[in-house]
Amino acid sequence: MRSKRLAGFTLLELLVVIAIVAVLMAAFLVIWAKVTSDAKRKATISRVMLLTAALDKYRSEFEAYPPNPASGFEDDGTLVKYLCGAENRGVVADAGTAREKHFGAFLPLSADSVKQVGDKSVLIDSWGTPLHYFNCKAYVDGGGSPENCHKPDKCDVWSYGPDKMKDPNLIEPGSQKVEEPARVWLVDDVTNWGSRPK
């Protein structure tokens with residue numbers, strides 16, 4: 001009499017399949033994390049470059065850049081106020097006078113590029129941290145050393161990146177001498193004066 005084998009998987013076969021699926025899932029998660037991180041970095045680079053272009057457009061119209069945020073480097077609503085106007089309706093120059101002039105928003109805003117802090121709209125990077133801004137031109141015109149800025153006749157704009165912390169080799173503008181801006185490389189910060197991942 002022949003013994004009939006019941007159809008189905010043995011315990012060993014089932015464990016092998018589970019192990020293979022677990023390895024594939026782990027590999028997929030690592031790749032997904034890398035892709036997501038790269039996408040956020042590229043989006044932040046794009047935001048920094050768009051902000052830099054908007055600041056240059058603003059300067060061409062008003063012959064000055066917006067003032068530095070009152071709280072230091074971190075945007076506190078200053079940039080949206082000056083570049084987009086009230087409720088993102090555009091900028092009004094010389095309001096209430098015969099020379100009143102209206103401009104469209106200098107910076108296009110998307111829902112993921114701003115966050116509300118109280119009654120102010122703050123520009124943020126892809127990791128939800130406010131962007132940083134320093135008006136180098138006003139600093140230099142006010143007697144500051146041009147060597148203390150990466151772009152002495154423009155504005156420095158930057159993000160602290162995914163770790164949301166200042167990297168040790170980030171030389172913030174206005175704080176100390178910048179000897180060779182082209183050689184100042186950052187670990188994960190995104191700047192408008194040059195950056196590269198480690």
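Predicted, not measured: the structure shown is a model, and the values here were computed from it. Computed over heavy atoms, backbone and side chain alike; hydrogens, waters and symmetry mates excluded.
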Between [X] (side chain only) and [Y] (backbone N and O only), is there a donor and an acceptor less than 3.5 Å apart?
X    : Y    : result
S113 : S110 : yes
D156 : K151 : yes
Y133 : P66  : yes
N68  : A70  : no
D75  : L123 : yes
N192 : T52  : no
K101 : D94  : no

Is the CD atom of E100 crowded by more than 12 outside heavy atoms at less than 6.0 Å?
yes
Taking all heavy atoms of [X] and all of [Y], pick out the closest pair and write down the distance.
X    : Y    : answer
K40  : W127 : CD-NE1, 3.6 Å
D189 : M165 : OD1-O, 3.8 Å
T78  : P69  : OG1-CA, 3.7 Å
P146 : P152 : O-CG, 3.4 Å

Under 4.0 Å between a Lys/Arg side-chain N and an Asp/Glu carboxylate O for K42 and D38?
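Result for this pair is no, no salt bridge flagged.
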Is any NZ, NE, NH1 or NH2 atom of the basic residue among D112 and R47 found under 4.0 Å from an Asp or Glu carboxylate oxygen of the other?
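R47 and D112: salt-bridged.
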Go through the steps to decide whether V122 and D76 satisfy the test side-chain contact (heavy atoms from CB on, under 4.5 Å), and finish with yes or no.
CA-CA 6 Å; V122 175; D76 57 0; 5.6 Å; no
Would you say [X] and [Y] are hydrophobically clustered, going by side-chain heavy atoms of ILVMFWY under 4.5 Å?
X    : Y    : result
V92  : F106 : no
V16  : L14  : no
V114 : V117 : no
L51  : I124 : no

side-chain contact (heavy atoms from CB on, under 4.5 Å), that's the test. Do V48 and L50 meet it? Break it down for me.
CA-CA 6 Å; V48 166; L50 279 172; over 6 Å; no
Note, [X] side chain near [Y] side chain (heavy atom, < 4.5 Å):
X    : Y    : answer
Y160 : V190 : no
Y82  : P67  : yes
L83  : V91  : no
N88  : V80  : no
K115 : P130 : yes

As an exercise, state the distance from [atom1] of [X] to [atom2] of [Y], rounded to the nearest 0.5 Å.
X    : Y    : atom1 : atom2 : result
L109 : S121 : CG    : OG    : 7.5 Å
C149 : N135 : SG    : CG    : 8.5 Å
C136 : H150 : SG    : NE2   : 8.5 Å
R59  : C155 : CZ    : SG    : 8.0 Å

Derivation and outcome, side-chain contact (heavy atoms from CB on, under 4.5 Å), residues S126 and R41:
CA-CA 7 Å; S126 298; R41 182 172 183 78; over 6 Å; no
Pair Y65, Y58 - check ring pair (Phe, Tyr, Trp, His ring centres under 6.0 Å), show working.
CA-CA 7 Å; Y65 287 110; Y58 182 93; 8.0 Å; no
Is the ring centre of W158 less than 6.0 Å from the ring centre of F73?
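Ring-ring flag for W158/F73: true, centres closer than 6.0 Å.
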D125, T44, T191 screened by side-chain hydrogen bond (donor to acceptor under 3.5 Å, both in side chains) with S159, the one that passes
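Of all the options given, the one that passes is D125.
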